[in-house]
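Remarks on the structure that follows.
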Amino acid sequence: MSADPRGDELAQNLAGVQDHIDRACAEAGRGRDELTLIVVTKFFPVDDVRRLHDLGVRDIGESRDQEAAAKVADLDPAVRADLRVHFIGQLQSNKAPHVSAYADVVHSVDRAKIVGALDRGAMAQERTLQALVQVDLSGDDAGRGGAVPEQVAELADLIASSQALQLRGVMAVAPLDGDAGEAFARLSEIAAGVRANHPDATWISAGMSGDLESAVAAGATHLRVGSAILGSRPPRR
Ligand SMILES: *Cc1c(COP(=O)(O)O)cnc(C)c1O
């Protein structure tokens, strides 16, 4: 019997997802080193973050400000320093300055007000934040966040001209209905448009537990995987 069954479970799930990514890369003719796996730990306790760190995970994703702040604060400073914390949830401009106190990367920048709020927050903390423009690929403003494709270039320029934010690229969630592959192909075109003006903005954050192959095939650089590693999330309270 293992002393930590949960640790064993996470190790096994993580290995399964790594295999899955390896296969997707092989099929797409891409190098595994082109992909970064972000393990989404939202709704799961800080102990799981520690276990994942022990297993070699260096990128974690969180989507709710209060939960994320508390979890990051609970980490041993040496573990915290060894992790990149990605904020991937919808942002309100009044919460954004708080997020800039602990996040390293914010994937969900989708309007000018958020750029200003994150920039001011990061400056006040004397931190630099990496930022991605979240793109709404649904075409129906279903409220999952994201800027419509027509607004992406302007938001990217705004981030690039801010003081404390560094533009890294674009992020999207595949629409619930419709083909993830098509959606990610559109994201990839939008990303190319951003790169034409901002050559360092090379990240494409796309792909979750259920659609990571499509994302790898479409050129994603960052995958955000939660339930395939941590298990199904407890219902939202
Ligand atoms: C929760 C979440 C994920 C992870 O989703 P899984 O299906 O659990 O892998 C990825 N991206 C965003 C924006 C999320 O909110």
Side-chain angles (χ1 to χ4, degrees), residues 21 24-25 27-31 33-38 59 61 63 84 86-91 93 96 103-119 122 128-208 211-225:
I21 298 171
C25 284
E27 244 164 71
R30 301 186 60 197
D33 59 356
E34 296 174 41
L35 271 297
T36 299
L37 170 63
I38 300 165
D59 291 271
S63 68
R84 259 180 309 273
H86 299 253
F87 191 86
I88 62 174
Q90 271 184 274
L91 272 170
S93 53
D104 300 306
V105 188
V106 178
H107 290 233
S108 44
V109 180
D110 62 359
R111 52 197 192 277
K113 224 174 153 181
I114 299 294
V115 178
L118 283 174
D119 194 31
T128 303
L129 280 186
Q130 312 194 58
L132 289 86
V133 177
Q134 182 177 352
V135 186
D136 177 6
L137 297 173
S138 71
D140 63 5
D141 194 21
R144 302 186 85 199
V148 296
E150 296 73 30
Q151 289 171 345
V152 171
E154 199 179 317
L155 268 178
D157 290 348
L158 195 60
I159 294 172
S161 63
S162 71
Q163 300 285 311
L165 308 183
Q166 198 181 5
L167 176 69
R168 295 316 306 260
V170 295
M171 175 274 221
V173 177
L176 284 176
D177 49 351
D179 185 75
E182 276 171 33
F184 292 147
R186 264 168 50 227
L187 180 65
S188 175
E189 281 171 28
I190 293 165
V194 170
R195 265 196 323 273
N197 292 323
H198 304 282
D200 294 336
T202 55
W203 293 14
I204 301 177
S205 167
M208 321 196 330
D211 55 21
L212 71 85
E213 282 109 344
S214 307
V216 171
T221 63
H222 290 67
L223 304 169
R224 308 177 309 269
V225 178

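- Nearest heavy-atom pair across Ser138 and Pro175 is CA-CG, 4.0 Å.
- Counting heavy atoms from C-beta on, the side chains of Val225 and Ile38 never come closer than 4.5 Å.
- Arg195 has its side chain within reach of Thr202: a pair of non-hydrogen atoms, C-beta onward, lies under 4.5 Å apart.
- Of the possible donor and acceptor atoms, none in the side chain of Arg224 sits under 3.5 Å from a partner among the backbone N and O of Gly61.
- Looking at Asp119, its side chain does come within 3.5 Å of a backbone N or O of Gln163 through a donor-acceptor pair.
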Legend entry - Verdict with supporting geometry, Asp59 and Arg84, salt bridge (charged side-chain N to carboxylate O under 4.0 Å, His left out): CA-CA 5 Å; Asp59 291 271; Arg84 259 180 309 273; 2.6 Å; yes
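- Separating the CG atom in Leu212 from the CZ atom in Phe184 is a distance of 9.5 Å, to the nearest 0.5 Å.
- In this structure, the side chains of Val105 and Leu129 stay at 4.5 Å or more apart for every pair of heavy atoms.
- Counting all heavy atoms, side chain and backbone alike, Ala180 lies closest to Asp211 at CB-CB, 4.0 Å.
- The two atoms that bring Ala220 and Ala206 nearest to each other are CB-O, 3.8 Å, heavy atoms only.
- Of all non-hydrogen atoms in Ile190 and Pro149, the two that sit nearest each other are CD1-CB, 3.9 Å.
- Between Asp136 atom CG and Glu150 atom CD the span is 10.0 Å, to the nearest 0.5 Å.
- Here the straight-line distance linking atom CG of Leu158 with atom CD1 of Ile114 works out to 11.5 Å at 0.5 Å rounding.
- Among Leu167, Val170, Leu132, the single residue meeting the side-chain contact (heavy atoms from CB on, under 4.5 Å) criterion with Trp203 is Leu132.
- With hydrogens and angles disregarded, no donor-acceptor distance shorter than 3.5 Å links the side chain of Glu27 to the backbone of Ala24.
- The SG atom of Cys25 sits 11.0 Å away from atom CD of Glu213, with the distance rounded to the nearest 0.5 Å.
- In this structure, the separation between CG on Leu37 and CG on Leu35 is 9.0 Å, given to the nearest 0.5 Å.
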Legend entry - side-chain contact (heavy atoms from CB on, under 4.5 Å) between Leu223 and Val216, worked out: CA-CA 8 Å; Leu223 304 169; Val216 171; 4.1 Å; yes
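- Here Leu137 contributes atom CG and Met171 contributes atom CE; the two are 10.5 Å apart, rounded to the nearest 0.5 Å.
- Side-chain contact between Ile159 and Val109: present, with at least one pair of heavy atoms (C-beta onward) separated by less than 4.5 Å.
- A donor-acceptor pair under 3.5 Å is absent between the side-chain atoms of Asn197 and the main chain of Val194, judged by distance alone.
- Shown here is Glu154, whose CD atom has no more than 12 heavy atoms of other residues, nucleotides or ligands within 6.0 Å.
- Contact between Ala185 and Ala218 at its shortest, heavy atoms only, is N-CB, 4.0 Å.
- Looking at every heavy atom in both residues, Asp110 comes nearest to Gln134 through CB-O, 4.0 Å.
- Classified by interplanar angle (parallel below 30°, tilted 30° to 60°, perpendicular above 60°), the ring pair His107/His222 is perpendicular.
- Remark: side-chain polar atoms of Ser108 are paired, donor with acceptor, to backbone N or O of Gly89 under 3.5 angstrom.
- Val106 is listed as a side-chain neighbour of Leu91, based on a closest heavy-atom distance under 4.5 Å.
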